[in-house]
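The next block holds one structure in the form of structure tokens; read it before the comments.
What you are looking at is a predicted structure, and each value in this text was computed from that prediction instead of being measured.
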Amino acid sequence: MQRRYSQYTVEQLQQEVAELTEKAQKAEQMGMVNEYAVHQRKIVMAKSYMKNPREYRRGQVYEIDGSPSELFEIDYMNGVFAWGTRKAKQGEVVNDEEALPIALLTERVE
């Protein structure tokens, strides 16, 4: 039976990230694009469980890892997911409401 990341310790999560990173590298080398993407998503989720969701608050704006031209403003938190609005850096709304794992939220924009 598979455990949930919420049941892992930080050390177990770090080990999981290391193992998934190795699997992702192998999948990439073998040209298995879909498998690589799955491992990358799992890495983001495991890293999200290593962060403290209480540090993320409504109204805070973050840059999104992998989307340098977009920002994300948090409306509310649900576990390790931040729900909010994705915006272009010029201010126009790109997506109405979506959820992002908090590991994807990088530098906070003041």
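Side chains of Glu11 and Gln15: no donor on one and acceptor on the other come within 3.5 Å.
Note that OG1 of Thr21 is 12.5 Å distant from NZ of Lys42, once rounded to the nearest 0.5 Å. The distance from atom OH of Tyr5 to atom NZ of Lys47, rounded to the nearest 0.5 Å, is 12.0 Å. Atoms CD and NE2, from Glu19 and His39 in turn, are 11.0 Å apart once rounded to the nearest 0.5 Å. Distance check, rounded to the nearest 0.5 Å: NZ of Lys23 to CD of Gln40 gives 13.5 Å. Going from atom OH of Tyr49 over to atom CD1 of Ile102 covers 9.5 Å, rounded to the nearest 0.5 Å.
Salt bridge status for Glu22 with Lys26: present, with a side-chain N to carboxylate O gap under 4.0 Å.
Exactly one of Val80, Val44, Ile64, Ile74 qualifies for a side-chain contact (heavy atoms from CB on, under 4.5 Å) with Leu100. That residue is Ile64. When the options Glu98, Glu73, Glu63 are evaluated for a salt bridge (charged side-chain N to carboxylate O under 4.0 Å, His left out) with Arg86, the one that passes is Glu98.
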Go through Lys51 and Leu105 one step at a time and tell me if the side chain to side chain contact (heavy atoms under 4.5 Å, CB included) criterion holds. CA-CA 11 Å; Lys51 294 186 174 281; Leu105 303 179; over 6 Å; no
From CA spacing to verdict: side chain to side chain donor-acceptor pair (under 3.5 Å), Gln12, Glu16: CA-CA 6 Å; Gln12 290 170 324; Glu16 178 77 358; over 6 Å; no
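Pairing each heavy atom of Arg57 with each of Gln60, the nearest pair is N-OE1, 2.9 Å. Nearest approach of Pro101 to Ser48, heavy atoms of both residues: CB-OG, 3.2 Å. When every heavy atom of Ala27 is checked against every heavy atom of Tyr36, the shortest pair comes out as CB-N, 3.8 Å.
Here the side chain of Thr85 pairs a donor or acceptor atom with the backbone of Asp96 at under 3.5 angstrom.
There is a path of hydrophobic side-chain contacts, each under 4.5 Å, that joins Met50 to Phe81. Both Phe72 and Leu104 sit in one connected hydrophobic cluster of ILVMFWY residues. Membership requires side-chain heavy atoms under 4.5 Å apart, directly or through other members. One hydrophobic cluster, built from ILVMFWY side chains closer than 4.5 Å, cannot hold both Trp83 and Leu71; they sit in different ones.
The number of heavy atoms from other shown groups lying within 6.0 Å of CG (Asn52) is above 12. Residue Arg4 qualifies as open at atom CZ: its count of foreign heavy atoms under 6.0 Å is 12 or below.
For Tyr62, the ring-ring contact (aromatic ring centres under 6.0 Å, His included) test picks out Tyr56, with sequence neighbours left out.
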